Enquirer: 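Structure incoming, see below.
These figures come from a predicted structure and were not determined experimentally. In listed order, ligands and their atoms are each counted from 1.
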Amino acid sequence: MNTPNLVSPDLIRQRFSRAMSDMYREEVPLYGALMELVAQTNAQLLEQQPAIARQLHSTGEIQRLDLERHGAIRVGTAEELATLCRLFAVMGMQPVGYYDLTPAGVPVHSTAFRAVHESALQVSPFRVFTSLLRLELIENSELRHFAESVLAQRSIFTTKALELIAHAEQHGGLDEQQVEQFVEQALETFRWHHRATVTAEQYQQLSAQHRLIADVVAFKGPHINHLTPRTLDIDIVQAQMPVHGITPKAVIEGPPRRQCPILLRQTSFKALDEAIAFTDQQQASGSHSARFGEIEQRGAALTPQGRALYDRLLNAARDELKAFPNEANAQRYNRLMQQHFEAFPDTWAELREQGLAYFRYFVSEQGQTASAAELQGLDLDALLDAGYLYMEPLVYEDFLPVSAAGIFQSNLGDAAQSHYAQHANQAAFEQALGRRTIDELGLYAQTQQRSIDDCLSALKSSGM
Ligand code: OOG
Ligand code: NI
């Protein structure tokens, strides 16, 4: 059944990610400015900090740095989510992780579609944070039914995109010509629409319930709401943003600045107010803000113990702040974060010894030329100590629920906070998705183990 000349899903993803970036640059001019700022900062840093450059060369991440970005979308129905899952699968992207945003007053739960194997991530680390609106959390039953009926009428995929997804599923992939069409057609789902699908009054009602509900329900499709480049130093970019006419949110989400970056640090700038036309208007006389900018800095993936420590310190700092971080308390928040995170070891050696972070192992030059007698009987620790192997932190590829909530909040406005009686419901999410989500911690453990196995078999064949 295998058709010849199928294009690898990794290359489809790489192409799609470029096409998405081009579309977004056209739609949101500030995105272009941000990309330039990030590219400049990265180039400078690589020049000034040889240690960072060396590390990125050694893991190969240097090659993916310019390609690296994540996007986010929000969908309204189980069917939309399940079809997106199939669409992303054509590009080798699978749902990783489950994120419950209700504790932050945002009526969605989410996953991240991304490649899962380190070699696929190397070709394109493109990821999409995808949220499903939880209509069951709308208490007003009339409004809930209205939202359901509006969503039931829309189709967020082109007919051709659906055909190509089905074709890829049946034939194990797409050929060059089909890929070209697929990228073009799939992109349509994520495009911005200047016309709403409801009247001005209906929009107001949806928005009054929650701004996010209006954002999902009142439009033809799940417009991509941001596309985030990866910077090597988020503090520099945050400080530079105002100089370029971009106002960032008050605090950087995630861990504080450290010698050894861990997990993910993020900041964003406010959503654009965009002119839209409601169905009872000829011209675009209404407005809606959905699309914003964001940058991120990625650090090491943490083990379950490391993650538990991170969560504990973050919660302690936030509890002490006694409020959501904002303009007024930003300095105090940063101070509290620094103080609490002193308890988080900040050398790679300690992070490894205490089992807090994941690493990848590599055979050093010394290891390549070592004789069997030299390597005899040495375990992983001894091989590292003797310099036959070296390690690099494994980069975190996922998201953080508290940070994501902060990003949602700052772009929806603080008035958007609500309190929901119901919380996480991973089973319902997976039922809508049509499959299980993948546990991200398992993926990191596998990548680490593969690198250990590779090192040991390389040493064995050269001497051990
Ligand atoms: C997603 C917000 C979360 C991140 O990077 O954590 C996010 C959204 O606003 O749809 O993008
Ligand atoms: Ni984001």
Enquirer: Output yes if Glu294 passes the N/O/S-under-2.8 Å test against the Ni ion (ligand 2); output no otherwise.
Expert: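 It does; at least one qualifying atom falls short of 2.8 Å.
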Enquirer: Check His70 and report its N/O/S atom nearest to the Ni ion (ligand 2), by atom name.
Expert: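 Result: NE2.
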Enquirer: For the Ni ion (ligand 2), give me the closest N/O/S atom belonging to His226, just the atom name.
Expert: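 Of the nitrogen, oxygen and sulfur atoms in His226, the Ni ion (ligand 2) lies nearest to NE2.
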Enquirer: Is NZ or CZ of Arg298 both nearer than 6.0 Å to the six-membered ring centre of Phe399 and within 45° of the ring axis?
Expert: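 Yes; both conditions hold, so Arg298 lies above the ring face of Phe399.
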Enquirer: When the ring planes of Tyr203 and Phe278 are compared, do they come out parallel, tilted or perpendicular, using 30° and 60° as the limits?
Expert: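 Geometry flag for Phe278 against Tyr203: tilted rings.
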Enquirer: Given 3.5 Å as the limit, does a donor-acceptor pair link the side chain of Gln448 with the main chain of Tyr358, or not?
Expert: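 Here the side-chain-to-backbone pair does not exist.
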Enquirer: Exactly which residues line ligand 1, taking a heavy atom under 4.0 Å from it as the test?
Expert: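 Within 4.0 Å of ligand 1, protein side: His70, Ala72, Arg74, Phe129, Asn225, His226, Gln266, Phe292, Glu294, Phe399, Ala404, Phe408.
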Enquirer: The criterion is side chain to side chain donor-acceptor pair (under 3.5 Å); which residues satisfy it with Thr130, sequence neighbours excluded?
Expert: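 For Thr130 there are no side chain to side chain donor-acceptor pair (under 3.5 Å) partners, ignoring immediate neighbours.
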Enquirer: Without swapping roles, check the side chain of Asn326 against the backbone of Asn329 for a donor-acceptor pair under 3.5 Å.
Expert: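 Yes, Asn326 side chain to Asn329 backbone: donor-acceptor pair under 3.5 Å.
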Enquirer: Quick one: side chain to side chain donor-acceptor pair (under 3.5 Å) partners of Arg54, sequence neighbours excluded?
Expert: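 Partners of Arg54 under the side chain to side chain donor-acceptor pair (under 3.5 Å) test: Glu392.
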Enquirer: My understanding is that only residues two or more places apart in sequence, or in another chain, count here; which of them pass side chain to side chain donor-acceptor pair (under 3.5 Å) with Glu61?
Expert: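 Per chain and number, Glu61 pairs via side chain to side chain donor-acceptor pair (under 3.5 Å) with Thr59, Arg230.
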